[in-house]
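FYI, side chains are in, hydrogens and waters are out, and symmetry mates aren't considered; it's all heavy atoms of this structure. Numbered from 1 within each chain, the chains take letters A, B, ... in sequence-line order. Computed from a prediction, not measured in an experiment: that's the story for all the values here.
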Amino acid sequence: MPSTPEPSDFIRDIVAADVAAGRHARIHTRFPPEPNGYLHIGHAKSICLNFGIARQFNGICNLRMDDTNPTKEDVEYVDSIIADVRWLIEGWADQCLGLKRKGETPTASEANGQKDYLIPATLPPAPAAELEPFHASDYFEALYQFAVQLIRLGKAYVCDLSPEETEAYRGAPDRPGRNSPFRDRTVEENLDLFARMRAGEFPDGARTLRAKIDMASPNIWLRDPLIYRIRHADHHHTGSQWCLYPLYDYAHCLSDYLEGITHSICTLEFEVHRPLYDWILTQLNLPRPLPHQYEFARLNLSYTIMSKRKLLALVNEGLVSGWDDPRMPTVSGLRRRGVPAKAVRTFAQRIGVTKYNGLTDVAVLEFAIREELNATALRRLAVLRPLKLVLTNLAPGEVHQFEAVNNPEDPSAGTRPITLTREVFIEEDDFQEIPPPKYFRLRPGGEVRLKYACIIRCDEVIKDAAGQVVELRGTADLDTRTGGPNAAKKVKGTIHWVSAANATEVEVRLYDRLFTEEEPEADGRSFKSVLNPHSLEVRRAKVEPALAEAALGARFQFERLGYFWPDPLDSQPGKPVFARTITLKDAWAKAGTK
RNA sequence: UGCCCGAUAGUGUAACGGUAGCACAGCAGUCUCUGAAUCUGUUUGUCAUGGUUCAAAUCCAUGUCGGGCAGCCA
């Protein structure tokens with residue numbers, strides 16, 4: 001059923017083997033972002049992996065807010081995450097998106113004769129208004145009950161060590177830790193203290209709940225890790241209900257269990273946490289099959305940074321216009337720039353999934369974007385840096401109409417009429433008074449074809465007092481028009497143009513990469529020291545009249561320049577602002593660089 | 001330097017003991033009313049050293065290099 005061949009990777013191999021062995025009734029993955037920032041292209045890789053697996057194996061992928069830290073999270077982020085995920089999977093994996101009924105929390109049930117908690121996923125076409133993503137914070141009560149159970153089992157204890165003392169007792173990677181003096185409290189005392197922690201009797205940091213494992217373990221995460229801390233803070237989803245919040249390691253594995261997740265896929269830095277993930281689930285003697293964690297390498301992309309904290313800094317310091325600035329590697333930034341979701345998915349598929357921590361060339365992403373847009377974008381003529389050309393053999397008011405192809409890659413896109421008049425604008429770059437070798441474009445006395453129209457010759461160059469070329473005079477050879485007697489005449493160059501008589505002037509925003517270095521943070525430098533000063537150039541461009549009415553969402557190729565679309569926020573009806581999604585590949589410019 | 005993970009063309013990945021392939025990038029050419037796209041060709045690779053085997057990118061050992069782990073972050 002999948003329209004594109006599904007890629008294979010070591011995680012898919014595991015899933016496929018599990019399916020073949022009949023280990024699960026249904027494959028269930030999850031995408032669990034913390035709502036403390038916007039999603040970026042690295043998250044997109046994870047989304048494509050998790051939803052891709054669900055899609056491929058006929059399963060479900062839950063969208064879950066991993067919201068166990070009230071002081072860093074916000075609904076603004078929850079909303080942006082939902083929008084970004086929907087955009088990315090739309091028309092591809094919507095049918096796999098696992099959500100839950102609003103307000104629903106895990107229900108106590110029975111499994112294999114034991115008490116159990118479970119929260120099932122609800123799939124479309126359930127009414128969207130009644131659904132919301134899963135939230136780890138919806139499990140706080142269940143999680144609390146599991147913790148009580150751990151205490152009863154003698155596997156967790158309340159510790160009164162201060163943060164500093166806790167750190168000191170933990171030891172170091174090459175030095176074992178020491179047992180907390182509170183490690184051997186009785187079950188009764190632990191139960192009492194834990195209940196009072198929940199009741200708000202103690203200030204932040206006064207006490208924690210810790211798993212009782214092994215302070216001498218070579219794995220730091222097994223040295224009696226903290227599983228609950230006191231935080232007298234309101235939570236964006238649970239309000240003031242709690243002053244006791246679980247930590248990631250404890251909440252995550254159990255959240256996976258509660259949702260019936262089969263494959264819990266995360267990034268490499270959690271590899272050393274896996275023994276803890278397994279430990280917690282194992283201790284609880286749970287009645288249903290346990291989820292398993294698998295790790296893959298997060299995405300590193302050249303010419304960009306991926307850390308949420310640093311992206312936040314770009315936003316807060318006004319170095320970009322916001323999280324959705326088209327230069328940002330965020331999903332919302334890519335979307336606003338006009339990058340099709342499908343191109344992002346293609347990119348994710350091509351880069352693969354491994355445990356090798358590499359640096360992916362942004363050219364792979366750029367190629368996927370051009371590939372998609374080349375096939376779909378409508379061709380239009382636009383001149384970014386206008387130079388006036390007067391065709392002296394045409395009378396003022398004389399109009400010639402031509403037919404322009406909308407998309408040579410897609411005949412069904414049809415054609416449109418364009419008009420040639422005495423005065424046209426051509427691109428400054430397309431004329432050189434003293435051309436370099438192999439220059440195909442216009443030169444004094446030279447000829448060039450105006451795309452879709454006819455061949456013209458440059459007869460005269462007009463300069464201002466400063467010696468700048470301000471205008472060209474030339475003649476049009478209408479016999480060379482398409483279908484004309486000399487249509488077959490060859491010239492080396494074909495350039496784009498617009499008629500001065502009916503061109504519209506619009507704002508265009510030319511985006512380039514945000515950083516000048518492949519690895520902005522190489523050898524300890526600050527990414528702020530290598531910001532590209534030319535990452536945004538705003539211009540007034542002359543465009544063919546059809547572009548003035550460009551609909552939001554429409555994609556265009558401005559011929560010989562790049563792919564553009566109307567900025568979804570700043571465009572007004574009849575007054576579009578065009579954002580350049582990406583340039584066309586430019587072999588000529590590249591040759592000039594060498 | 002304790003534990004964990006990794007290493008295949010420039011980059012990212014495939015090959016699951018049996019011909020090292022793909023994509024991007026690069027280069028050369030073709031085509032072109034977009035110096036785009038297309039099409040063709042092409043440069044470049046198994047971290048090192050041993051071992052097992054008829055046969056090793058693949059299995060084993062050692063080493064080298066890289067990454068991760070000492071938040072009451074996730």
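The residue among A:T494 and A:K45 whose nearest nucleotide of RNA chain B lies closer to the 5′ end is A:K45. Each of A:R379 and A:D66 was matched to the nucleotide of RNA chain B holding its nearest heavy atom; the match closer to the 5' end belongs to A:R379.
Remark: A:E259 engages A:R64 in a salt bridge, criterion side-chain N to carboxylate O under 4.0 Å. In summary, A:R441 and A:E427 do not engage in a salt bridge, as defined by a charged side-chain N under 4.0 Å from a carboxylate O. Ionic pairing of A:D160 and A:R207 is present here: one or more N-O contacts between side-chain nitrogen and carboxylate oxygen are shorter than 4.0 angstrom. Between A:E372 and A:R555 no salt bridge is recorded (no basic side-chain N to carboxylate O distance below 4.0 Å).
OP1 or OP2 of B:A74 has at least one side-chain nitrogen or oxygen of A:R229 nearer than 4.0 Å. Within the structure, every side-chain polar atom (N or O) of A:T71 is placed at least 4.0 Å from both OP1 and OP2 of B:C73. Of the side-chain N and O atoms in A:R441, none sit less than 4.0 angstrom from OP1 or OP2 of B:G35. Using a 4.0 Å cut-off, no side-chain N or O of A:R64 falls inside it from OP1 or OP2 of B:A74. The side chain of A:R178 contributes no N or O atom lying less than 4.0 Å from OP1 or OP2 of B:A70.
Note on A:Y228: nothing from the nucleic acid sits closer than 4.0 angstrom, heavy atoms only. Using a 4.0 Å heavy-atom cutoff across all strands shown, A:V272 reaches at least one base atom of the nucleic acid. Among the heavy atoms of the strands lying under 4.0 Å from A:T360 are primed sugar atoms or P, OP1, OP2 only; no base atom is included. Within the 4.0 angstrom heavy-atom criterion, only backbone atoms of the sugar-phosphate kind lie near A:L359; the bases stay farther away. Across all strands shown, A:P32 has no heavy atoms under 4.0 Å from either base or sugar-phosphate atoms. The residue A:L365 sits apart from the nucleic acid: no heavy atom pair falls under 4.0 Å. Residue A:K585 is in sugar-phosphate contact alone, with no base atom involved, counting any heavy-atom pair closer than 4.0 Å across all strands shown. A:F367 comes within 4.0 angstrom of the backbone, heavy atoms only, and of no base. Among the protein residues, A:K438 comes within range of the nucleic acid bases, having at least one heavy atom under 4.0 Å from a base atom. Counting any heavy atom pair closer than 4.0 Å across all strands shown, A:R223 reaches no nucleic acid atom. Using a 4.0 Å heavy-atom cutoff across all strands shown, A:E167 reaches sugar-phosphate atoms only and no base atom. Backbone-only contact: A:G358 has heavy atoms under 4.0 Å from sugar-phosphate atoms and none from a base. Across all strands, A:E34 comes closer than 4.0 Å only to sugar-phosphate atoms, never to a base (heavy-atom distances). Using a 4.0 Å heavy-atom distance criterion, A:D13 is classed as a base contact.
For the P atoms, the distance linking B:A20 with B:G29 amounts to 31 Å, nearest Å. Here, B:U30 and B:U11 have their P atoms 31 Å apart, quoted to the whole Å. Atom name P, nucleotides B:C31 and B:G41: the rounded distance is 16 Å, in whole Å. Across the P atoms, B:C3 and B:A74 are found 28 Å apart, a figure rounded to whole Å. Atom name P, nucleotides B:C24 and B:U38: the rounded distance is 8 Å, in whole Å. To the nearest whole angstrom, the two P atoms, one in B:A28 and one in B:C16, are 36 Å apart. B:A56 and B:U32: their C1' atoms are spaced 49 Å apart (whole Å). Distance noted for atom P between B:A15 and B:A7: 12 Å (whole Å).
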Criterion side chain to side chain contact (heavy atoms under 4.5 Å, CB included) on A:F296 and A:K45, from CA distance to verdict: CA-CA 10 Å; A:F296 71 99; A:K45 175 183 179 183; 3.7 Å; yes
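Here the options are A:T208, A:L244, A:V158, the test is side chain to side chain contact (heavy atoms under 4.5 Å, CB included), and the partner is A:Y228; only A:L244 passes.
Of the nucleotides present, none pairs with B:U34 by Watson-Crick or G-U wobble criteria with both distances under 3.5 Å. Nucleotide B:A70 forms a pair with no other nucleotide shown, judged by Watson-Crick or G-U wobble geometry with both contacts under 3.5 Å. Applying the Watson-Crick and G-U wobble criteria (two distances, each under 3.5 Å), B:G26 pairs with B:U42. In this structure, B:G17 makes no Watson-Crick or G-U wobble pair, since no nucleotide meets both defining distances under 3.5 angstrom.
In this structure, A:Y248 does not pack face-to-face on the six-membered ring of B:A74, missing the 5.5 Å centre cutoff or the 30° plane limit.
Aromatic ring pairs are classed by plane angle as parallel below 30°, tilted from 30° to 60° and perpendicular above 60°; the pair A:H235 and A:H237 is perpendicular.
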